[in-house]
Novice: 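To start, I am sharing the structure in question, which I have written as structure tokens.
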4 protein chains.
Amino acid sequence: MAHGGNTKAAAVPQRLLAEATRLFADRGFDRTSVQEIVEAAGVTKGALYHYFGSKDDLLHEVYARVLRLQTERLEEIASGTGTVAERLHRAAADVVVTSIENLDDTKIFFRSMHQLSPEKQKAVRAERRRYHERFRALVEEGRRQGTFRAELRPDLVVDFFFGSVHHLGTWYREGGPLSAAQVAEEFADLLLYSVRQP
Amino acid sequence: MAHGGNTKAAAVPQRLLAEATRLFADRGFDRTSVQEIVEAAGVTKGALYHYFGSKDDLLHEVYARVLRLQTERLEEIASGTGTVAERLHRAAADVVVTSIENLDDTKIFFRSMHQLSPEKQKAVRAERRRYHERFRALVEEGRRQGTFRAELRPDLVVDFFFGSVHHLGTWYREGGPLSAAQVAEEFADLLLYSVRQP
Amino acid sequence: MAHGGNTKAAAVPQRLLAEATRLFADRGFDRTSVQEIVEAAGVTKGALYHYFGSKDDLLHEVYARVLRLQTERLEEIASGTGTVAERLHRAAADVVVTSIENLDDTKIFFRSMHQLSPEKQKAVRAERRRYHERFRALVEEGRRQGTFRAELRPDLVVDFFFGSVHHLGTWYREGGPLSAAQVAEEFADLLLYSVRQP
Amino acid sequence: MAHGGNTKAAAVPQRLLAEATRLFADRGFDRTSVQEIVEAAGVTKGALYHYFGSKDDLLHEVYARVLRLQTERLEEIASGTGTVAERLHRAAADVVVTSIENLDDTKIFFRSMHQLSPEKQKAVRAERRRYHERFRALVEEGRRQGTFRAELRPDLVVDFFFGSVHHLGTWYREGGPLSAAQVAEEFADLLLYSVRQP
DNA sequence: TATGAATGAGCCTTCATTCAT
DNA sequence: GATGAATGAAGGCTCATTCAT
């Protein structure tokens, strides 16, 4: 057998990524040392550098995973059935739920992006822009067909809404009074009311 | 006059604070070295530590200044004249404008707060909470008198809106297509539409 | 053989400890910089911190080594054969000889203990107390059986004698007129005369 | 009146010296900052440097005061009346009492001497040697006249005894079970028994 | 006499990364 | 695949001392 015999060894990169995510969310990228990550994952530095080119790479992987996930979900919803209002509401609620379900990633996203190397930052931003673009298109669609207010600036609406989403990590606490679904419903409502032609 | 002849020497702490603000906004707290700050301010490390107890103190000063300013303005607007809708709109637009006018502080605020020492973080959060509380009271007032939707959760509305405000630093660029006033107007409109009883 | 070819590289922690001992004795703990230690040992700071947690740790290691050595020797002599006077004389002479043979450690011991962190200081003191206690028991034994003067305060005798021992580092010079054995004989005689029932 | 009007200002150098002594004894010379001294004395750095040339000077003053005092007392006792045994006993007891009465100075003496600049260290050592010399002369006198043991090495006796005296600071605690007089009596007894022709 | 702002050198420690094994 | 010793650069901070006022 190739190397699958030892399930622990087989999971090394995953374990490293998981612990890194937790630690980056907890104390920030710069405040997390490579030593802490490898200790948490139960391996040594050499192992980390065997799988990842640098500490930066590790952070980039976190981003890549999240972006891939969210892009897929948005694509599915946006191109699904229902009125544009329904689809926008569904997309908004969904991004809130997945942001809360992956709150660590969410925290890292808005706190640590500027700590990536310039090139990686550029790559992440580009991907992010595509995601926003798809969202913006939904707003635009609703505006064109008269469902949403004519005087809207769709790009501003996107920035408005994703500010709220990115900040979930700042205040949302698991086990608090609100479930992810409740926040999602309320945020999606707020968005819809804010854009809809009254 | 005592020693006002040399305007440069007279302003050492202010200069340090100004350069620190700029650098923290630019590259983040952890990525800014004390050495860089003092070089930018044209003094030596000893001078910095003569005026500030630590690098952390410097960051705290930035926060304290911003919080003081925003609290004053909100207080004035909230207790001013006009309907609750007018006052909420005015307060929302105002915080957008001042956030854009002090974009460096805004960036620092949401990116670097978690890099403060736990005690200082607590102090800042407490002050921030008072600010949010005042804002929440406005939403609550409108809801009670039927101007705003009955099913609103005022605290969630506050988190929703300030997420957007704090994220201005992420995308707003001076000299871009939108003036501060335009963004302020649009954001305030979005907020009002989102809460108002249709 | 694994990597024994390079005898120099094999002994990094030992070399660090040896150079640190020499330097601490020479100029005191606070006056010795980590930089000086690593330069003397021919490595870099990173190497030192790879093996020792802190400069403090290094000092603690010196103490631990000395304390271990002396406790072993005292235990062996005290529980050996001979009258109590013979055993006390032998123990006294032995501690003088080993103190002179490790004069650097002796100097460090009485000069730098108070520069250890409080917890480490406590640990060293506790160990030291056990050592003194064993010595005190010898004096007590002689007093009870009438060999030593009845009005003695054994604990004061111990403090009296070890003051003299610890101060060897202040005046004894290798290559001077007195051998370690001569000083040991004379000190042990002085002690015995001072306690013996005339 | 010259400057005696303000009693507080008049005592500045004395207050500085007193606080410095206390602090040096407490935490050692190197661990005490000039800032701490001036704060304890309620003045500013400029004042300290007005009266003392350097931090080193301050330490030197402490030594000078102690040495002067002890030399005077020994001179008086040694050249007084009584047998040589009586005078040695009296001198030994006296140095113990004054060492305990000025325990801070005693601690500083044995811990911090090597932190003086080389020249000042030399000066202090020379003065100290004169003191020891006077004491040694007493032992020598007793040995010559047959009161003390013929095989004694008087210089070694002096080092033996003053080791004990210098170490008082390590273990003696005010308010403990032993008065200064009790320790003095016991130490002087031990010394006398150790040297006397049985 | 006395202030206190400012210097400049130095200190201990941390850390991402490399490399021989 | 993986180890862990070692590097080298940088980081935040302290401190005795000076000097214009």
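Only this structure's heavy atoms are used, side chains among them; waters, hydrogens and symmetry mates stay out. Each chain gets a letter, A, B and so on, in the order its sequence line appears, and its residues count up from 1.
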Novice: When the distance from CG of D57(C) to P of dC12(E) is rounded to whole Å, what number comes out?
Specialist: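 That distance rounds to 14 Å.
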
Novice: From dA6(F), dT7(E), dT3(E), pick the nucleotide closest to the side chain of A47(D)?
Specialist: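 The answer is dT3(E).
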
Novice: Between Q14(A) and Y51(A), does a side chain to side chain contact (heavy atoms under 4.5 Å, CB included) hold up when you go through it step by step?
Specialist: CA-CA 10 Å; Q14(A) 284 78 350; Y51(A) 291 109; over 6 Å; no

Novice: Round to a whole Å and report the spacing from CG of L23(C) to C1' of dC12(E).
Specialist: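 Those two atoms, CG and C1', are 16 Å apart.
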
Novice: Take the protein atom CG of L59(B) and the nucleotide atom P of dG12(F), then report the distance between them rounded to whole Å.
Specialist: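 For the pair L59(B) CG and dG12(F) P, the rounded distance is 13 Å.
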
Novice: Before accepting this row, confirm whether a basic side-chain N of the pair R27(D)/E36(D) lies closer than 4.0 Å to the acidic partner's carboxylate O.
Specialist: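 So R27(D) pairs with E36(D) through a salt bridge.
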
Novice: For the side chain of Y51(B), starting at C-beta, report the closest nucleotide among dT3(F), dA5(E), dA2(E).
Specialist: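 From the listed options, dA5(E) comes nearest.
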
Novice: Which nucleotide, if any, forms a Watson-Crick or G-U wobble pair with dT7(E), using both distances under 3.5 Å?
Specialist: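 Partner of dT7(E): dA16(F).
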
Novice: What's the CG-P distance between D30(B) and dG12(F), to the nearest Å?
Specialist: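 Checked: the CG to P distance equals 9 Å.
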
Novice: Closer to the 5' end of DNA chain E via nearest nucleotide, is it D56(C) or G53(A)?
Specialist: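 Nearest nucleotide further toward 5': that of D56(C).
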
Novice: With sequence neighbours excluded, what pairs up with Y63(D) under the ring pair (Phe, Tyr, Trp, His ring centres under 6.0 Å) test?
Specialist: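 F109(D).
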
Novice: Quick check: on DNA chain E, is the nucleotide nearest Y49(C) upstream (toward 5') of the one nearest H50(B), or the reverse? Name the residue that is more 5'.
Specialist: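 Looking at the nearest nucleotide for each, H50(B) comes out on the 5' side.
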
Novice: For the side chain of K45(D), starting at C-beta, report the closest nucleotide among dT7(E), dA16(F), dT3(E).
Specialist: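 Of all the options, the side chain of K45(D) is nearest to dA16(F).
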
Novice: Is D57(A) salt-bridged to K120(A), going by a charged N under 4.0 Å from an acidic O?
Specialist: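 Judged by the 4.0 Å cut-off on N to carboxylate O distance, D57(A) and K120(A) do form a salt bridge.
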
Novice: Once you round it to whole Å, what is the distance between P of dC15(F) and CZ of R31(D)?
Specialist: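 Whole-Å distance recorded here is 10 Å.
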
Novice: Let me know which of L67(B), L69(B), T21(B) forms a side chain to side chain contact (heavy atoms under 4.5 Å, CB included) with D105(B).
Specialist: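 Exactly one candidate clears the test, T21(B).
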
Novice: Strictly below 4.0 Å, heavy-atom distances to any atom of DNA chain F: list the hits from residues 33-40 of chain B, or just say none.
Specialist: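 Within this stretch, S33(B), V34(B) sit under 4.0 Å of the strand.
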
Novice: For dT21(E), which nucleotide in any strand shown is its Watson-Crick or wobble partner with both distances under 3.5 Å?
Specialist: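 dT21(E) is paired with dA2(F).
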
Novice: Whole-Å distance between dA16(F) P and L58(D) CG?
Specialist: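 Roughly 11 Å, once rounded to whole Å.
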
Novice: Could you tell me how far apart F52(C) (CZ) and dT14(E) (P) are, to the nearest whole angstrom?
Specialist: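 Rounding to the nearest Å, CZ of F52(C) and P of dT14(E) are 15 Å apart.
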
Novice: Given dG4(F), dA5(E), dT18(F), which nucleotide is nearest the side-chain atoms of T44(A)?
Specialist: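 Nearest to the side chain of T44(A) among the choices is dG4(F).
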
Novice: Is the shortest heavy-atom distance from the side chain of Q115(C) to the side chain of D56(C) under 4.5 Å?
Specialist: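 They are not in contact (no side-chain heavy atoms under 4.5 Å apart), so the answer is no.
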
Novice: Is the closest side-chain heavy-atom distance between V66(B) and N102(B) below 4.5 Å?
Specialist: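 Not in contact.
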
Novice: dT7(E) C1' sits how many Å from L16(B) CG, rounded?
Specialist: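 Rounded to whole Å, this separation is 14 Å.
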
Novice: Can you tell which of dT17(F), dC13(F), dC12(E) lies closest to the side chain of K55(B)?
Specialist: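 Nearest to the side chain of K55(B) among the choices is dC13(F).
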
